[in-house]
Q: 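What follows is a single structure, and I will ask about it in a moment.
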Amino acid sequence: MSIDLRPPGLSRRALLRTAGCGIGNLALSHLLADTANPLAPKAPHFLPKVKRMIFLFMHGGPSSVDTFDPKPRLIRDHGKPLPFEKPLAFGMEGTSNRLMRPLWNFKPRGQSGIEVSDLFPRVAEKADDLCVIRSVVGDSVAHGGAMLQLHTGSNTFTRPTMGSWLLYGLGSETRNLPGFIVMKPHPGNGGAKNYGNAFLPAACQGTVIGSELSKIRDLPEPIEFLKHRRLSPELQRAELDMLQNINRRHAAERQYDPELEGRIQAFELAFRMQMQAPEAFEIEKESEATRRAYGLDREETFEFGWECLMARRFIERGVRFVQCWHGYWDQHSDLYRMHGKLARNVDQPIAALLSDLKARGLWDDTLVLWGAEFGRTPVAQGDGRDHNPYGFSMWMAGGGVKPGITYGATDEFGYHAVEDRMHLHDLHATILHMFGFDHERLTFFHGGRNHRLTDVAGKVATRILA
Amino acid sequence: LRYPFAWRYRDYVVDAFNRDLPYDQFLREQIAGDLLPPEPDGSANRGGTIATGFLSLGMKVLAEPDKSKLFYDVVDEQIDTLGRAVLGLTVACARCHDHKFDPIPTQDYYSLASIFASTRTLDGKLYGDGPVSKLHWSSLSKPEVTRAWEGHQQMLELAKTELDRTRAIAAMARARRLLPQTIDYMVAAWEFENRPPSMARMCVDEFAFARKLDYFLLDRWVDLLKANDDPLPHMQAWALAAKAGPAAVRKAAGAYAAELERFSRAWSAKLDAWQNNPNSMKPRFDASESPFFAEVVLRPKGPFALPAKRDDLLDEPWRGKVLQLSAKFETLKKTPPPEPAWANAVAEGEPVSQKILIRGDVRRPGGDAPKRFPRAIAGEGQTSIQQGSGRRELAEWITKPDHPLTARVMVNRIWQYHFGEGLVRTAGNFGATGEPPTHPELLDYLALEFVQSGWSIKKMHRLLMLSNTYAMSSATTREQHEKDPENRLLSHFHRRRLDVEEMRDGLLAIEGSLDAKMGGTLQTGPAINEFEPLVAWKEKYDPFAHKRRTLYSWVRRSNLPGLLTLFDYGDATSPGSGRSRTNVAPQALYVMNSGFVDGQALDYAKRLLADESVSTKDRIERAYMEILNRPADPSEVTGMAAYIDQFATSRSDAEAWQSFCYILMASNEYMYVD
């Protein structure tokens, strides 16, 4: 058989390897330079504390005064009117000025004595590992703006998200998986803008797995387009070899065009990715004990347990930023019942994730962030609470952050942050700092000026740094 | 869905390019087309109104609860888009402070803002009960059609309000009749739950009948009082009593009944006041005062709440009234007059005397910002605009033949379209932070030609495409590559990758299934609900699912289909100055595994094989011609024939041909135009 499609300069031997259905064109790919790959690993500005991040995002806004921010005054003044002017809120139906006591009891936990409510019994056991921030502040009382600001720093415009900035600044450590993975995001409230790259290179966008509206078990394939519908990998490789042959011949006739080489490379990388990425999803290879720890054996914890276990598997494989979505924590009414149910979905999986990161030596390189776009008001809205971006709680754990401490405080009703306020810009500055970036110098020129994740603000909260 | 008529604007733009609408007129229509003379039948100027979609369709955070911030965000988006797209100026930088690089002081920004603040983009209405603002829609139909429709909408709203009010009052009247028996119902519900095994098969109806109770009400009480491991705070007393036994149950029921009685009196008084003054607001109940009362009387699933279809359970005389109002409402709903055709467009608003907003803060007004144009271009001696929004004057100013930016910015964009990069490589930024032109005299010459040709875009295409520069080969020498790697001096033609629309449409066209129909929408009905239609939308409007040109795909801007996001379509919510070009693995995965290219290859291979008498050689040659637009050379024919033979040893002939077609369709040669 004679096929003369070789690029000029290939030896007879190389031709034989690549001809027809021969398998093994890989040798060639080593010759190809890494042309203009926006995800090539890069060093940050200074020595980083962490390399990877898991963001456990509680979409909708869990109530801080019922979880991580104890307010005895609310118990005492239950039913009384708020003694100061109520700031702009969101809800229309059933809003009131009446203070509502926390619906779960708080207790001091662990050596640190951090008070956490009974809503999260398992996470509470990890209190000594947590850095609870009780003074986060955002600018928007509606989900859309608040979520945009949490993810991008801007509550108005389309801007790159935290994960995109990290990928842009640091590159990716894996070539087999996307560097920025988002599990089960909700299509509303800004949708893809919450994991988009905006004006950063398209390679910095988040890759989506599933949706908040559907079940993991119903996913036909975890990441789209990883598997050929008809051909075996061997046959597909043969087909790809032929495609690459004609691409190389085409490129050889057109010198000095890195783009042509770039596209040839992209196909090689894609093939490698599709051969190796599915392995990341083989959670059945995890031990029975591990799967039980994450709650994969129970309906109630399966979905978020899967997300948490996958988050660990992804960062183990070098993924830079993983976001696990869970919702919908938006209890304008029926807070007791719904918060209870939602907390039971996530409590055990989160605790398992924290233990697992430690057990596997991933703790020191990984930052875990738990939180939402805002908290909820200390005043009642019917039997629920309204949105409160003026002072709410998040927690961090893992490398880079001091364990077993609380930072900042709200007023005695839990409405406004009054001590060590941490605006979302400050949160972003602090996170970038942990990754080795001066947030004022991680910039991208677009539309006539340099842009930053922190816009023109941001102060690093140095006291929480490990 | 906030922009259900965006397609009309798209069709307007396509049509404008096709009939070579002079560019200055094109701009005037998009900025102030609604002010053009009305149509002979009295309806608004159709084309002009649709054209102002340019100002209406930008990204807006309509759910922003701070409405004054939203108002100025909308204005800002309009200034930003107009500035970058038409003037090549980043004017919006001056919203909070004087522009740091270009001579645009904050006052000039607010002078422009004054024009758009005097323009109606939002309607002042909200969608439903929430804080989501509604965009302005302009009617394209005759005034009498619009009036009839709006009158009908008003009547519907009135009928609905009256029905809702009467229903709420009627339900409360029924509740007041039945509330005195609350203890009986609560106890009966408990007894039903704890009935002896011998009665296990008895249903609530029989149980209620035996006790002369209303079965519907008892059923709801049973539902509410069911034993629950995790009772709500206000039901904890009941849960304890239910475990303790009959005496405790009766006592607890007494306490709950007293609470209901107390709040029902206050609530009834409020409802009566509402009834006596139909124009007053619907009263609200603060559920934190008594979560129990809210749950029992007001929750849709509560014992005393009646679903609309159970109006028959109401007491007379309310029952008759409600049924009558309900029938009236349904009849109205079924007999609407024809709905006008709408456009997402802008209109004249209340004229605003804009103040400078210090640091962009709506609550910190500063000095006056008279309606006029940026002084660095238009000069100091302008008289400010006093009448109307000023959009008409703005449009006239921008399209002045001697405007220093408008023509230059546009010819630069046309150049960029043909040559990959503009003469100014930052097409949306001609300011100090943009790039200077590589060929300034050429840019000036083209701009002048453009204006003198009557702003004809087609003549500009012709001029560029007949030039020697356009006719150059894309082949490069080492010397060219080393001295000028970015080809700024245009020593050769640039090799161009297909845009995502060209890639998809081309593959459909080759295989023969592209539907070349122009215009119209693929939407069916306005889908106001944000999330419900998403799944349906994915299936229906993913470019996979239809054969129209990609341009006619329905775009949901916050959730673009994968094909578009992967292939550098860019952000759909803000103006871009050109597409980026990336080569990343996920694109290759799409080509390899999405089934799209493979499917086109299959359909095309079927056509190649349809005539069995055609030789392998002829088939291969035809495919090269049709997919790559060139004859195959003999070595390619032999090589590919061998590949097909080899492939067919493990799969069918048809699949072997499919694989061959796929390879050509996925090739760099298809994706790049020399």
Side-chain angles (χ1 to χ4, degrees), chain A residues 1-5 20-21 88 90 92 94 96 98 100 103 141-142 144-145 156 158 187-188 190-193 198 201-203 205 213 224-229 235 239 242-243 246-247 250-251 254-257 259-260 262-263 266-267 269-270 273-274 336-337 340 380 382-383 447-449, chain B residues 59 61 63-66 73 90 93 129 131 230 232-233 284 286-288 291 294 429 431 433 476 478 481 495 497 530-531 534 558-560 562 565 568 571 573-574 580 582-585 587-590 592-595 635-636 638-639 642-643 646-647 650 659 663 666-669 671-672:
Chain A
M1 177 171 63
S2 144
I3 302 174
D4 193 13
L5 288 181
C21 289
L88 179 69
F90 179 83
M92 317 280 281
S96 80
R98 199 178 302 275
M100 179 159 92
L103 301 182
V141 295
T156 311
T158 304
K193 281 187 284 188
Q205 67 186 291
L213 306 180
E224 274 187 307
F225 315 137
L226 266 186
K227 201 165 162 261
H228 200 284
R229 291 160 192 224
L235 211 48
E239 184 180 82
M242 194 62 184
L243 170 64
I246 70 165
N247 280 345
H250 173 264
R254 291 160 179 80
Q255 294 291 304
Y256 318 114
D257 191 339
E259 266 199 51
L260 298 178
R263 189 160 181 270
F267 273 86
L269 186 55
M273 207 183 242
Q274 81 174 32
Y336 185 78
R337 204 168 359 213
D383 56 357
R449 68 176 177 94
Chain B
M59 187 184 99
V61 186
E64 170 64 56
D66 184 343
D73 283 349
T90 54
C93 289
D129 287 336
D230 194 13
L232 294 169
R284 284 196 178 142
D286 179 354
S288 65
N429 183 5
T433 58
T476 26
R478 175 177 290 276
H481 179 66
R495 182 169 294 110
R497 194 181 73 174
E530 294 257 358
F531 310 127
L534 195 69
S558 56
N559 290 283
L560 293 170
T565 49
D568 299 318
D571 170 33
T573 61
S574 48
S580 59
T582 62
N583 262 315
V584 293
Q587 293 166 351
L589 284 171
Y590 188 92
M592 288 160 65
N593 298 332
S594 72
S635 71
E636 286 171 325
T638 19
Y643 173 80
Q646 178 77 33
F647 199 99
S650 46
S659 177
I663 287 169
S667 68
N668 278 0
E669 191 170 344
M671 276 300 279
Y672 288 88

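Numbered from 1 within each chain, the chains take letters A, B, ... in sequence-line order.
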Q: Name the option with the most non-hydrogen atom pairs under 4.5 Å to chain A; the candidates are E64(B), Q587(B), R497(B), R495(B).
A: R495(B)
Q: List the atom of L243(A), the atom of S667(B), and the distance in Å for their closest heavy-atom pair.
A: CD1-CA, 3.6 Å
Q: Less than 4.5 Å to any heavy atom of chain B: does that hold for the side chain of L260(A), its backbone, both, or neither?
A: both
Q: Report which part of E259(A) has an atom under 4.5 Å of a heavy atom belonging to chain B: side chain, backbone, both, or neither.
A: both
Q: Under a 4.5 Å heavy-atom cut-off, does chain B meet the side chain of E239(A), its backbone, both or neither?
A: both
Q: If I measure from the heavy atoms of chain A, does T90(B) come under 4.5 Å with its side chain, its backbone, both, or neither?
A: side chain
Q: With a 4.5 angstrom heavy-atom cut-off, which part of H228(A) approaches chain B: side chain, backbone, both or neither?
A: both
Q: Let me know if A666(B) has heavy atoms under 4.5 Å from chain A in its side chain, its backbone, both or neither.
A: both
Q: How about R263(A) and Y672(B): do any of their side-chain heavy atoms sit closer than 4.5 Å?
A: yes
Q: Identify which part of M592(B) has an atom lying under 4.5 Å from any heavy atom of chain A, answering side chain, backbone, both or neither.
A: both
Q: Side chain, backbone, both or neither: which part of R98(A) has a heavy atom under 4.5 Å from chain B?
A: side chain
Q: Restricting to ring-ring contact (aromatic ring centres under 6.0 Å, His included), what partner residues turn up for F225(A), sequence neighbours left out?
A: Y590(B)
Q: According to side-chain contact (heavy atoms from CB on, under 4.5 Å), who are the partners of R229(A), at least two apart in sequence or on a separate chain?
A: none
Q: Using a cut-off of under 4.5 Å for heavy-atom pairs, which of T476(B), N429(B), D66(B) has the most such pairs with chain A?
A: T476(B)
Q: Would you mind checking which part of M100(A) comes under 4.5 Å of any heavy atom in chain B, side chain (CB onward), backbone (N, CA, C, O), both or neither?
A: neither
Q: Taking all atoms of both residues into account, what is the closest heavy-atom pair of E669(B) and N247(A), and its distance?
A: N-OD1, 4.5 Å
